[in-house]
Amino acid sequence: MSEYNTTDFTNPSTFILLGIPGLEATHVWISIPFCTVYIIAILGNFTILFIVKMQQSLHEPMFYFLCMLTVTDLVMHTSSLPKMLSIFWFNTREIDFSACLTQMYFIHCFSVIESGIFVAMAFDRYVAICHPLRHSTILTNSFVAKIGLAVVLRGSIVILPFPFLARQWPYCRTNVIPQLYCTHIAVVKIACADTHVSSYYGLFVLFCVMDLDAIFIAVSYIQILRAIFSLPTRDACLKTLGTCISHLCVILAFYIPGLFLSLMYRFAQNVPLHFHVLIVNVYLLLPPILNPIIYGVRTKQIRDRLLCLFTHKGTSSFLLVLWLSD
């Protein structure tokens with residue numbers, strides 16, 4: 001890391017992304033799971049989008065929100081993974097200052113958008129289970145579109161101060177970021193100025209946006225569980241609960257690593273740096289690959305469509321082979 005240190009600049013034109021400190025010799029091997037995750041995430045999310053688009057019966061609020069989630073995951077992955085892989089494969093660690101701030105904005109912005117989509121999905125499940133007769137009148141296509149627009153605008157506006165504040169700080173000690181991509185905390189930490197404004201605003205986003213979303217989701221599911229356990233039969237309870245399992249799984253995959261990461265940054269200062277970096281990447285990479293897998297396995301409509309798609313392809317290939325052999 002010392003080879004990149006410098007003290008003769010105040011506004012660097014580039015930053016140096018160090019990768020995974022201490023594990024540079026194994027970058028090529030580490031790139032294999034990263035690249036695999038990227039390919040699976042792209043294929044899985046595009047498959048979900050394709051199935052929802054082609055299947056008319058899936059044109060309903062739950063699956064519209066799922067499509068918003070898949071697009072969000074694709075943007076998050078695409079804004080970070082290509083640069084990570086270039087570091088692993090070609091050791092291209094430099095990133096332009098503006099590109100770094102842009103990457104930071106996209107990653108944090110779409111994290112907030114994803115959190116907002118989870119709230120919208122929880123609201124959809126709440127209305128579907130607690131007020132089933134009013135579901136189609138409350139969650140109309142226009143209302144779903146307004147929710148989606150509100151979620152995107154909130155994420156875009158709330159995160160906008162991050163790059164503007166980061167741009168104004170001087171960076172006179174070093175331009176080295178010990179990460180695989182630019183995050184708000186990592187960039188602010190290397191500034192040689194009083195960055196309390198950025199730190200406090202970061203805490204505001206964490207507690208007043210992300211944590212508030214988690215509270216709304218928890219309240220929704222308390223009401224949902226009360227409605228489920230008041231159903232007359234055990235089979236009805238299990239069937240209704242099954243419609244929420246996919247959503248609960250993707251929520252846990254999103255919030256638990258984020259909570260662990262936040263606590264680790266603030267209280268686990270003696271944890272090795274490479275472990276910090278790996279946890280940050282788990283938080284970024286895990287949801288986009290798990291979301292399509294969870295929904296593909298747990299959601300009957302998508303699972304049936306996938307089986308039909310692959311069975312049809314398998315039958316077509318078999319018939320083609322028979323025809324050619326004749």
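The shown structure was predicted, so the numbers you read here are calculated from the model rather than taken from an experiment.
Contact check for Cys109 versus Ile113: side-chain heavy atoms found under the 4.5 Å cut-off. Residues Ser98 and Arg167 form a side-chain contact, since some pair of their non-hydrogen atoms from C-beta on lies under 4.5 Å apart. Side chains of Asp213 and Arg154 form a contact here, defined as non-hydrogen atoms less than 4.5 Å apart. Side chains of Val144 and Met68 form a contact here, defined as non-hydrogen atoms less than 4.5 Å apart. Taking 4.5 Å as the limit, some side-chain heavy atom of Asn175 sits within range of a side-chain heavy atom of Thr14. Residues Leu101 and Met104 are in side-chain contact: their nearest non-hydrogen atoms beyond the backbone lie under 4.5 Å apart.
Under the 4.5 Å side-chain heavy-atom criterion for grouping Ile, Leu, Val, Met, Phe, Trp and Tyr, Leu231 is not connected to Leu248 through any hydrophobic cluster. Val151 and Ile138 fall within the same hydrophobic cluster, defined by Ile, Leu, Val, Met, Phe, Trp and Tyr side-chain heavy atoms under 4.5 Å apart, directly or through other members. No path of Ile, Leu, Val, Met, Phe, Trp and Tyr side chains, each step under 4.5 Å between heavy atoms, connects Leu153 with Tyr105, placing them in separate hydrophobic clusters. Transitive grouping of hydrophobic side chains (ILVMFWY, heavy atoms separated by less than 4.5 Å) brings Tyr255 and Leu212 into a common cluster. Hydrophobic clustering of Ile, Leu, Val, Met, Phe, Trp and Tyr side chains at less than 4.5 Å, counting indirect connections, unites Met84 with Phe90.
Relative orientation of the Phe106 and Phe110 rings is parallel, given thresholds of 30° and 60° on the angle between their planes.
Distance OG1/Thr26 to CD1/Ile20: 7.0 Å, rounded to 0.5 Å. Taking NE2 of His27 as the start and CD1 of Ile32 as the end, the distance is 13.5 Å to the nearest 0.5 Å. Rounding to the nearest 0.5 angstrom, the gap separating the CD1 atom in Ile185 from the CD1 atom in Ile177 is 12.5 Å. Here CG of Leu139 is found 10.5 Å from CZ of Arg134. Values are rounded to the nearest 0.5 Å. Note that CZ of Phe204 and CG of Asp211 are 11.5 Å apart. Values are rounded to the nearest 0.5 Å. A distance of 10.0 Å separates CG of Asp73 from OG1 of Thr78, quoted to the nearest 0.5 Å.
Ser80 places a side-chain N or O within 3.5 Å of a backbone atom of Met76 that can act as its donor or acceptor partner. One N or O on the side chain of Thr183 and one on the backbone of Ala186 form a donor-acceptor pair closer than 3.5 Å. Checking side-chain atoms of Asn45 against main-chain N and O of Pro292 turns up no donor-acceptor pair under 3.5 Å. Under a 3.5 Å cut-off, the side chain of Gln103 and the backbone N or O of Ser79 do form a donor-acceptor pair.
Taking the side chain to side chain donor-acceptor pair (under 3.5 Å) definition, one finds that Thr70 meets it with nothing, sequence neighbours left out. When the side chain to side chain donor-acceptor pair (under 3.5 Å) test is applied to Ser31, the partners found at least two apart in sequence or on another chain are Trp89. For His247, the side chain to side chain donor-acceptor pair (under 3.5 Å) partners at least two apart in sequence or on another chain are Tyr221. Residues that satisfy the ring-ring contact (aromatic ring centres under 6.0 Å, His included) test with His108, not counting sequence neighbours, are Phe162. In this view, Ser156 satisfies the side chain to side chain donor-acceptor pair (under 3.5 Å) rule with no residue, not counting sequence neighbours.
In the displayed structure, Gln55 atom CD is contacted under 6.0 Å by more than 12 heavy atoms of other residues, nucleotides or ligands. Surrounding OH of Tyr201 are more than 12 heavy atoms belonging to other residues, nucleotides or ligands, all under 6.0 Å away.
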Go through Val187 and Tyr171 one step at a time and tell me if the side chain to side chain contact (heavy atoms under 4.5 Å, CB included) criterion holds. CA-CA 9 Å; Val187 172; Tyr171 300 90; 3.5 Å; yes

Before giving the answer on side chain to side chain contact (heavy atoms under 4.5 Å, CB included), spell out for Ile39 and Cys35 the whole-Å C-alpha distance, their side-chain angles and the decisive distance to 0.1 Å. CA-CA 6 Å; Ile39 293 170; Cys35 185; 4.0 Å; yes

Check against side chain to side chain contact (heavy atoms under 4.5 Å, CB included), Phe254 and Asn291: CA-CA 9 Å; Phe254 179 79; Asn291 293 347; over 6 Å; no

Might you work through the side chain to side chain contact (heavy atoms under 4.5 Å, CB included) test for Ile16 and Glu94, ending with a clear yes or no? CA-CA 5 Å; Ile16 305 297; Glu94 288 192 359; 3.4 Å; yes

Please tabulate, for side-chain N and O atoms in residues 117-132, each donor-acceptor pair with protein atoms closer than 3.5 Å (sequence neighbours left out).
| unit_1 | atom_1 | unit_2 | atom_2 | d |
| --- | --- | --- | --- | --- |
| Asp124 | OD1 | His135 | NE2 | 2.8 |
| Tyr126 | OH | His131 | NE2 | 3.3 |

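The minimum heavy-atom distance linking Trp169 with Ala193 is given by the pair CE3-CB, 4.2 Å. Counting all heavy atoms, side chain and backbone alike, Leu160 lies closest to Phe164 at O-CD1, 3.1 Å. Nearest heavy-atom pair, Ile159 versus Pro163, reported as atom, atom and distance to 0.1 Å: O-CD, 3.3 Å. The minimum heavy-atom distance between Leu81 and Phe34, with the atom names listed, is CD1-O, 3.8 Å. Considering every non-hydrogen atom in both Pro288 and Ala41, the closest pair reads O-CB, 3.9 Å. Between Gly155 and Val112, the closest heavy-atom pair is CA-CG1, 3.7 Å.
Residue Phe63 forms a side-chain contact (heavy atoms from CB on, under 4.5 Å) with just one option from Ile51, Ile48, Val52, and that option is Val52.
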